[in-house]
Amino acid sequence: MTHTPHAASEARYDDMNYRRCGKSGIRLPGVSLGLWQNFGGANALDTQRDIILDAFDQGITHIDLANNYGPPAGSAEENFGRVFASDLKPYRDEILVSTKAGYYMWPGPYGEWGSRKSLLASLDQSLTRMGLDYVDIFYHHRPDPDTPIEESMMALDAAVRSGKALYAGISNYGPEDTLEAIRILRHLGTPMLIHQFPYNMYERTPDKGLLDVLEAEGVGSIVFSPLAQGMLTNRYLKGVPEGSRATHSQFLSEKQISETYLERTRALNEIAEGRGQTLAQMAVQWVLRGDRVTSALVGASSVAQLRDTVGALSFDPLTDDEIAAIEPYAVHGTQRG
């Protein structure tokens, strides 16, 4: 990768909407960039660089990773580290970098889940891959059924106290475990900054208690898959295009593009068109409605795709009448086919 180091746009903060993360002093962009897919070893590094740098130029100050992002696992962190070293290092104090640990990374009993040994070893590995001294947010990626929540939260606390992370977060925890984790971290003196979970018009589990807990406890929230892996876009309205994610992804299959899905998605698309926006843009606005969600975490396979999604923030918020019109079609489970 040969190029001139990036000079960030002087207008990068002019248009982005920033939202306070719970009761903390941190503000996150309304749209954050996730490197879950399209940023691994099989993807062109120059394309990844273009997306990451364009995101920063649009005011997206938060880049989200995890130890296992790729594929192969770890390659997204390595690639981000390359872009950071060549282009973003001068802007380190303007950028929030998050990573996670909890899914399988190496063989043996300590290569996944939530033990202190596993979490802290993984954080050290992540910092090495990215070439960073610290991450801004370190998450426990998923609850561990065999490790006490206390142990996992004490590991997050230790990461913050060591200076290798500035804030602690959790991901994919249910309401009761979330509340316990919040209270443990608060007792340890490292308040939980944020919770990351899936949420969209077809995945509404967080409406059943989780969002209430986070709001009551003053914890921020960032949602992944706000577009339901592309199912809340116009991509599949006429069927499954050749080469689309539904034809090859482990997270999405052609069987999910059912008649029920198509009926609901076409109705939602009509509402979006009535607002003069794309369905993807309306889907982002929907998760951000009412300020209960701090940021929508999106991926991108191109700069154009990212700009279209970020364009959601330029529209007026959804009205109560529009939210009511969406409700009959925003049915939990639709994405399962």
Side-chain angles (χ1 to χ4, degrees), residues 17 19 30-32 34 36-37 172 174-175 196-212 214-215 221-241 244-247 249 251-301 305-337:
N17 171 259
R19 301 156 74 99
V31 168
S32 297
W36 177 22
Q37 300 181 59
N172 296 310
Q196 183 175 138
F197 50 89
Y199 186 48
N200 57 63
M201 287 188 271
Y202 294 156
E203 170 50 70
R204 302 191 60 172
T205 303
D207 287 328
K208 299 178 180 179
L210 180 59
L211 287 169
D212 292 335
L214 299 176
E215 186 173 36
S221 59
I222 183 167
V223 303
F224 66 88
S225 294
L227 308 184
Q229 293 291 302
M231 294 183 75
L232 282 165
T233 71
N234 60 12
R235 189 164 182 77
Y236 302 107
L237 294 183
K238 297 181 180 179
V240 181
S244 64
R245 184 177 293 180
T247 65
S249 173
F251 303 106
L252 182 63
S253 72
E254 294 185 52
K255 294 180 181 178
Q256 293 171 256
I257 313 302
S258 65
E259 283 303 315
T260 298
Y261 158 78
L262 289 171
E263 289 173 8
R264 292 171 180 165
T265 308
R266 286 166 180 160
L268 291 170
N269 189 60
E270 287 184 11
I271 296 172
E273 288 179 343
R275 286 175 50 82
Q277 63 185 166
T278 65
L279 176 54
Q281 290 170 336
M282 189 176 77
V284 168
Q285 286 197 289
W286 186 86
V287 298
L288 294 174
R289 74 197 187 288
D291 296 327
R292 300 189 82 190
V293 167
T294 312
S295 184
L297 188 58
V298 304
S301 58
Q305 184 184 60
L306 178 64
R307 289 183 178 179
D308 178 76
T309 307
V310 174
L313 303 177
S314 65
F315 287 87
D316 291 336
L318 292 166
T319 66
D320 290 343
D321 286 344
E322 287 170 332
I323 292 170
I326 288 168
E327 189 65 18
Y329 310 107
V331 179
H332 178 76
T334 299
Q335 81 281 11
R336 300 191 184 106

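Worth knowing before you read on, the calculation uses all heavy atoms, side chains too, and leaves out hydrogens, waters and symmetry mates.
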Which residues pass the side-chain hydrogen bond (donor to acceptor under 3.5 Å, both in side chains) test with E273, not counting sequence neighbours?
N269

Those residues at least two apart in sequence (or on a different chain) that pass side-chain hydrogen bond (donor to acceptor under 3.5 Å, both in side chains) with R204 are D207, E327

I need the minimum non-hydrogen distance between [X] and [Y], along with the two atoms involved.
X: Q285; Y: P317; result: NE2-CA, 3.8 Å
X: L227; Y: A283; result: CD2-CB, 3.8 Å
X: A325; Y: I271; result: O-CD1, 3.7 Å
X: A296; Y: V287; result: CB-CG2, 4.0 Å
X: Y261; Y: M231; result: OH-O, 2.6 Å

To the nearest 0.5 Å, what is the distance between [atom1] on [X] and [atom2] on [Y]?
X: S314; Y: N17; atom1: OG; atom2: CG; result: 11.0 Å
X: R336; Y: S258; atom1: CZ; atom2: OG; result: 12.5 Å
X: E322; Y: M282; atom1: CD; atom2: CE; result: 8.5 Å
X: L288; Y: S221; atom1: CG; atom2: OG; result: 9.0 Å
X: I326; Y: M201; atom1: CD1; atom2: CE; result: 5.5 Å
X: R266; Y: L279; atom1: CZ; atom2: CG; result: 12.5 Å

Under the 3.5 angstrom rule, does the side chain of [X] hit a backbone N or O of [Y] as a donor-acceptor pair?
X: Q305; Y: S301; value: yes
X: T334; Y: A330; value: no
X: E270; Y: A267; value: no
X: R19; Y: V293; value: yes
X: T278; Y: Q281; value: yes
X: E203; Y: T205; value: yes
X: T233; Y: G230; value: yes

Give a yes or no on this: more than 12 heavy atoms of other residues, nucleotides or ligands lie within 6.0 Å of atom CZ of F315.
yes

Short side-chain donor-acceptor distance under 3.5 Å, T265 and Y202
yes

Hey, does [Y] have a side-chain heavy atom less than 4.5 Å from the side chain of [X]?
X: V31; Y: L297; answer: no
X: F224; Y: N172; answer: yes
X: L232; Y: P226; answer: no

Look at R275 together with D316 and state whether they make a salt bridge at an N to O cut-off of under 4.0 Å.
no

What is the ring orientation for Y199 with W286, classed by angle as parallel under 30°, tilted 30 to 60°, or perpendicular over 60°?
tilted

Pair S32-I222, side chain to side chain contact (heavy atoms under 4.5 Å, CB included): steps then yes or no:
CA-CA 9 Å; S32 297; I222 183 167; 3.9 Å; yes

